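For this chain, numbers begin at 1 and follow the sequence in order. What you are looking at is a predicted structure, and each value in this text was computed from that prediction instead of being measured. These numbers come from the heavy atoms of this one structure, side chains and all, not from hydrogens, waters or symmetry mates.
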Amino acid sequence: MNYRNNIFPANNWFDENFFGGFLNSKLNIVQELNIQKHTIKEENISSRVLNHWYEMGIITDDRENKKSWKKFSVSELVWIRIVLKLRNFGLDLKRIKQVKEQIHLYSDKKKNSKCPLLDFYIMVGLSSSIPIKIIVFESGQAEIVRQIDIDMANHLHLLSEDFICIDLNKLLNKMFTKKTIRADYFHYSKTNIEKEIFNSLY
């Protein structure tokens, strides 16, 4: 299967912030996102389903005896909610595993983050108003991108397939009930001058 039928233009924002800053950093938030201290009770997932997901490789089973209840990190809980959304869209576990493999593209066992790409966008979603989307194309290609990246790729006719889309900002807003997470869907692609004009008209 060709995972790159759809292309997003290279952008300095990702290179500077992900490769230039986040990937090799030792930020406290990265450690917090990866501490396994949470239960999965809120998600209402049975142990039978969890065990099946372990077997399929949807969730990494790092329990020592493989029998006790697993504690999850924030990052893992976000991934589980993504899995639940993809299941609601009708994706089978085989395709969801392909999504996981693509999202784990920059993973390295030596680093604090088990899934740097997802952790990076979780951090962006928590600390900014940039709309972030997880998209899965018909071919199985999966990406985490800003809304502006989708708009640019569509404008340049670089997306050859339809896709399903999960709004990461909304997902985080439901998880982090003590923090208001608001994506700015009006201003994300506007220049400062356009923002000033828009605000004065609004």
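Under the 4.5 Å side-chain criterion, counting only non-hydrogen atoms from C-beta, D62 is in contact with K70. For the pair I122 and I132, the minimum side-chain heavy-atom distance is 4.5 Å or more. Using a 4.5 Å heavy-atom cutoff, the side chains of K37 and K71 are not in contact. In this structure the side chain of K174 reaches within 4.5 angstrom of the side chain of R81, judged on heavy atoms. By the 4.5 Å heavy-atom criterion applied to side chains, I135 and I164 are not counted as neighbours. Inter-residue side-chain proximity for I96 and M56 is flagged as unmet; no heavy-atom pair is nearer than 4.5 Å. For the pair I130 and I148, the minimum side-chain heavy-atom distance is 4.5 Å or more. At a threshold of 4.5 Å between non-hydrogen side-chain atoms, the residues S75 and S113 do not count as touching.
For the pairing with K97, the side-chain contact (heavy atoms from CB on, under 4.5 Å) check across K94, E101, R95 returns one residue only, E101.
W53 and V74 fall within a single hydrophobic cluster, where Ile, Leu, Val, Met, Phe, Trp and Tyr side chains are chained together by heavy-atom contacts under 4.5 Å. L91 is connected to I144 through a chain of hydrophobic side-chain contacts under 4.5 Å among Ile, Leu, Val, Met, Phe, Trp and Tyr, so both are in one cluster. L118 and L86 fall within the same hydrophobic cluster, defined by Ile, Leu, Val, Met, Phe, Trp and Tyr side-chain heavy atoms under 4.5 Å apart, directly or through other members. A single hydrophobic cluster is seen to contain both L172 and V124, as judged by linkage of ILVMFWY side chains at heavy-atom distances under 4.5 Å, directly or through other members. One hydrophobic cluster holds both I82 and F120 under the rule that ILVMFWY side chains link at heavy-atom gaps under 4.5 Å.
S128 meets the side chain to side chain donor-acceptor pair (under 3.5 Å) test with no other residue; sequence neighbours excluded. Considering only residues two or more places apart in sequence or on other chains, F163 meets the ring pair (Phe, Tyr, Trp, His ring centres under 6.0 Å) condition with F137. Taking the side-chain contact (heavy atoms from CB on, under 4.5 Å) definition, one finds that N173 meets it with I181, sequence neighbours left out. Here N11 pairs with W13, F14, R146, D149 under the side-chain contact (heavy atoms from CB on, under 4.5 Å) rule; sequence neighbours left out. Scored by the side-chain contact (heavy atoms from CB on, under 4.5 Å) test, N154 finds I150, L159 as partners (sequence neighbours excluded). Qualifying side-chain contact (heavy atoms from CB on, under 4.5 Å) partners for T60, counting only residues two or more places apart in sequence or in other chains: K100.
Using modelled atom types and a 3.5 Å distance limit, the side chains of S73 and Q36 yield no donor-acceptor pair. Side-chain contact of Q102 with Q141: a donor-acceptor pair under 3.5 Å is absent, judged by distance alone. For the residue pair E55 / N51, no side-chain donor-acceptor distance below 3.5 Å is found, with atom types taken as modelled.
Surrounding CE of M152 are at most 12 heavy atoms belonging to other residues, nucleotides or ligands under 6.0 Å away.
Note: R87 CZ to I58 CD1 = 8.5 Å, rounded to the nearest 0.5 Å. Going from atom CG of L158 over to atom OG of S160 covers 9.5 Å, rounded to the nearest 0.5 Å. Taken to the nearest 0.5 Å, the CD1 atom of I80 stands 3.5 Å off from the CD1 atom of I40.
Remark: the backbone N or O of Y54 is not paired with any side-chain donor or acceptor of D61 at under 3.5 angstrom. Although no hydrogens or angles enter the test, the distance criterion places no donor-acceptor pair under 3.5 Å between the side chain of D184 and the main chain of S129.
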Listed pairs under 3.5 Å, donor-acceptor, residues 20-35 side chains, sequence neighbours left out:
unit_1, atom_1, unit_2, atom_2, d
N24, OD1, K111, NZ, 2.9
S25, OG, F22, O, 2.8
N34, OD1, K114, N, 3.2
N34, ND2, V30, O, 2.8
N34, ND2, D119, OD2, 2.8

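Counting only residues at least two apart or on different chains, the salt bridge (Lys or Arg N to Asp or Glu O under 4.0 Å) pairs with a member in residues 121-134 are K133-D167. The list of ring-ring contact (aromatic ring centres under 6.0 Å, His included) pairs with a residue in residues 75-108, not counting sequence neighbours, reads F18-Y106, F19-Y106.
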Go through T39 and F72 one step at a time and tell me if the side-chain contact (heavy atoms from CB on, under 4.5 Å) criterion holds. CA-CA 6 Å; T39 63; F72 295 89; over 6 Å; no
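In plain terms, the two heavy atoms of C115 and S107 that are nearest each other are CA-OG, 3.7 Å.
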